[in-house]
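The structure under discussion appears below in the form of structure tokens.
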There are 2 protein chains.
Amino acid sequence: MSGEVQGDKTLQDALRRAGLRVTPQRMMVLAALAAGEGHMTADEIFDLVRREYPFLNRSTVYRTLDRLVELGLVAVTDLGEGVRQYELVGTQPHHHLVCQRCGETIELADEVLQPLRARLQEDYGFAARMDHFAIFGLCRACQPDGPTGG
Amino acid sequence: MSGEVQGDKTLQDALRRAGLRVTPQRMMVLAALAAGEGHMTADEIFDLVRREYPFLNRSTVYRTLDRLVELGLVAVTDLGEGVRQYELVGTQPHHHLVCQRCGETIELADEVLQPLRARLQEDYGFAARMDHFAIFGLCRACQPDGPTGG
DNA sequence: GTTGCAATTGCAACGAGTTGCTGAATCTAT
DNA sequence: ATAGATTCAGCAACTCGTTGCAATTGCAAC
């Protein structure tokens with residue numbers, strides 16, 4: 001990842017504005033996230049960065065990801081696979097319905113969550129951060145027989 | 001066992017109906033869940049059961065809890081504390097808003113999630129299992145431009 | 001009561017993620 | 001460019017949770 005990725009500067013600024021230091025490790029984690037399309041696990045990021053910088057430590061990756069999530073630059077999601085998925089925020093937000101039986105995941109448009117988000121803000125004064133959400137349950141095929149069936 | 005709890009029979013039946021065996025370990029895990037009020041971690045359950053039955057293994061607790069969750073008898077929630085919370089389903093379902101900054105948790109009535117649940121069923125044919133949900137974000141006090149200014 | 005078989009347990013080893021500590025690096029001010 | 005203050009990286013050890021395997025147990029049929 002020796003190439004400057006579009007947005008590097010922006011991400012650097014975001015770190016600075018939050019009072020965080022800009023370190024090579026952080027930039028490399030960010031670059032890895034930008035290089036990968038969609039979700040990445042911490043380990044995928046770890047491996048990708050280590051191709052160029054083999055001294056990076058696992059805990060650094062995790063700590064960096066935690067900071068980025070706090071900042072709202074990165075979204076974490078537990079899709080129930082035993083590993084968390086990380087993703088740069090900034091693209092179109094989307095979410096997932098995960099079937100607990102067959103494992104299928106259905107993509108969910110963000111607008112479906114808007115009413116809930118609005119209500120939480122109004123009634124509870126709570127700013128829900130649902131950048132990349134996972135909702136568990138049963139997909140159509142795995143449901144017993146619908147509401148009327150048995 | 002000294003821990004006969006109201007509902008033991010019902011829970012036994014539920015296991016049987018699901019084709020699962022009724023084992024002392026399972027009943028003890030269930031009894032522990034019934035004894036504890038509200039959420040319990042796997043370790044709390046483990047410790048509680050081991051007071052009477054010191055030979056119980058950790059993995060048995062986890063596997064039992066997994067089965068119970070599959071059956072819908074128990075709800076798991078990750079409140080972001082690094083440990084999962086388990087709770088017997090059957091009481092009034094409730095959920096939590098968790099502030100990522102100060103850690104405060106606000107209880108959320110189940111009815112707030114009904115519209116979302118209904119829409120997921122209608123539009124996606126997906127039966128969301130939200131027994132005990134955690135939604136992360138920022139509470140009123142921790143929001144940059146809150147009512148009292150930032 | 002005994003038998004047979006599948007489900008379940010315990011064990012040990014593993015994988016993901018976290019934490020306290022110390023030396024190193026970043027940033028600010030000069 | 002340098003010094004000082006403070007954050008951050010790397011390490012190692014730890015916790016929570018999972019998994020493969022062999023021995024055991026629950027349950028139903030005899």
Side-chain angles (χ1 to χ4, degrees), chain A residues 11-32 39-50 52-71 74 76-86 100 103 134, chain B residues 1 8 11-30 32 39-50 52-71 73-74 76-86 100 103 134:
Chain A
L11 294 171
Q12 266 194 37
D13 284 351
L15 287 177
R16 288 214 134 89
R17 253 180 279 119
L20 294 181
R21 292 185 182 167
V22 176
T23 69
Q25 289 91 336
R26 282 179 182 171
M27 290 319 289
M28 285 190 278
V29 168
L30 243 8
H39 323 142
M40 294 184 81
T41 67
D43 233 45
E44 284 167 358
I45 295 167
F46 183 56
D47 289 344
L48 193 54
V49 173
R50 271 167 67 106
E52 296 210 10
Y53 181 73
F55 305 106
L56 183 73
N57 194 272
R58 255 199 175 68
S59 57
T60 300
V61 175
Y62 282 112
R63 275 194 274 229
T64 298
L65 288 171
D66 285 350
R67 292 283 142 69
L68 296 175
V69 169
E70 278 171 32
L71 278 185
V74 166
V76 221
T77 314
D78 182 352
L79 257 4
E81 307 163 327
V83 208
R84 296 179 201 159
Q85 301 288 342
Y86 295 86
Q100 291 178 309
Chain B
M1 233 198 316
D8 263 21
L11 294 171
Q12 266 193 37
D13 284 351
L15 287 176
R16 288 214 134 89
R17 255 180 279 122
L20 294 181
R21 292 188 182 164
V22 176
T23 69
Q25 289 90 336
R26 282 178 181 171
M27 292 317 290
M28 283 189 280
V29 168
L30 244 8
H39 322 143
M40 293 185 83
T41 67
D43 232 46
E44 285 167 358
I45 295 166
F46 183 56
D47 288 344
L48 192 54
V49 172
R50 272 167 66 105
E52 295 209 11
Y53 181 74
F55 305 106
L56 184 73
N57 193 273
R58 253 198 177 71
S59 56
T60 301
V61 175
Y62 282 111
R63 276 193 276 229
T64 299
L65 289 171
D66 285 350
R67 293 281 142 69
L68 296 175
V69 169
E70 277 171 34
L71 279 184
L73 292 178
V74 166
V76 220
T77 313
D78 181 353
L79 259 3
E81 307 164 325
V83 209
R84 296 179 201 159
Q85 301 288 341
Y86 295 86
Q100 291 178 310

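What you see is a predicted model, and the numbers here were worked out from it, not measured in a lab. Naming convention: chains lettered A, B, ... in sequence-line order (proteins, then strands); numbering from 1 in each chain.
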(request) Do nucleotides 19-30 of chain C as a string where each nucleotide becomes B, S or -: B if the base has a protein heavy atom under 4.0 Å, S if just the sugar-phosphate does, - if no protein is that close. (result) BB----BBS---
(request) Starting at atom CG of L56(B), determine the distance to atom C1' of dT8(C), rounded to an integer number of angstrom. (result) 12 Å
(request) Using only side-chain N and O atoms of R58(A), determine if any of them is under 4.0 Å from OP1 or OP2 of dG10(D). (result) no
(message) I'd like to check the side-chain hydrogen bond (donor to acceptor under 3.5 Å, both in side chains) partners of N57(B); sequence neighbours left out, ordered by chain and number.
(response) S59(B)
(message) Using a 3.5 Å distance criterion without hydrogens, assess whether the side chain of R26(A) forms a donor-acceptor pair with backbone atoms of R21(A).
(response) yes
(message) Students often get this wrong, so: under 4.0 angstrom with heavy atoms, is Y53(A) touching a base, only sugar-phosphate, or nothing?
(response) sugar-phosphate
(request) In whole angstrom, give the distance that lies between atom CZ of R50(B) and atom P of dG10(C). (result) 10 Å
(request) Verify side-chain contact (heavy atoms from CB on, under 4.5 Å) between L71(B) and L20(B), making sure each step is shown before the conclusion. (result) CA-CA 10 Å; L71(B) 279 184; L20(B) 294 181; 3.7 Å; yes
(message) Just to verify, what does T41(A) make a side-chain contact (heavy atoms from CB on, under 4.5 Å) with, not counting sequence neighbours?
(response) D43(A), E44(A), V83(A), Q85(A)
(message) With each end axis built from five pairs of C1' atoms, what bend angle do you get for the helix from dG1(C)-dC30(D) to dT30(C)-dA1(D)? Round to 10°.
(response) 40°
(request) Sequence neighbours left out, what passes side-chain hydrogen bond (donor to acceptor under 3.5 Å, both in side chains) with Q100(A)? Give chain and number order. (result) R129(B)
(request) Check the pair V76(A), L65(A) against side-chain contact (heavy atoms from CB on, under 4.5 Å), reporting the backbone distance first and the verdict last. (result) CA-CA 9 Å; V76(A) 221; L65(A) 288 171; over 6 Å; no
(message) I want to check one thing: is the phosphate of dG10(D), taken as OP1 and OP2, less than 4.0 Å away from some side-chain N or O of Q25(A)?
(response) yes
(request) Specify the residue among A42(B) and T60(A) whose closest nucleotide of DNA chain D lies further upstream toward the 5′ end. (result) T60(A)
(message) Going by side-chain contact (heavy atoms from CB on, under 4.5 Å), name the residues that satisfy it together with Q25(B), two or more places apart in sequence or in a different chain.
(response) T23(B), Y53(B), L56(B), T60(B)
(request) I would like to know whether Y86(A) and H39(A) meet side-chain contact (heavy atoms from CB on, under 4.5 Å); could you show each step before the answer? (result) CA-CA 5 Å; Y86(A) 295 86; H39(A) 323 142; over 6 Å; no
(message) Using whole Å, what does the distance between atom C1' of nucleotide dT15(D) and atom OH of Y62(B) come to?
(response) 9 Å
(message) Nearest to the side chain of T64(B), heavy atoms from C-beta on, is which of dT9(C), dG17(C), dT8(C)?
(response) dT9(C)
(request) To the nearest Å, give me how far apart CD (E81(A)) and C1' (dG17(D)) are. (result) 16 Å
(message) On a heavy-atom basis, which atom in A42(A) and which in Y62(A) lie closest, and how many Å separate them?
(response) CB-CE2, 3.5 Å
(request) Could you tell me the separation between the CG atom of L71(A) and the P atom of dC8(D), rounded to a whole number of Å? (result) 10 Å
(request) Just compare dT9(C), dG17(C), dG10(D) and give me whichever is closest to any side-chain atom of V83(A). (result) dG17(C)
(request) Could you state the atom-to-atom distance from CZ of F55(B) to C1' of dT9(C) in whole Å? (result) 14 Å
(request) Whole angstrom is fine here: how far is it from CZ in R84(A) over to P in dC16(D)? (result) 14 Å
(request) Starting at atom CG of L65(A), determine the distance to atom C1' of dC8(D), rounded to an integer number of angstrom. (result) 15 Å
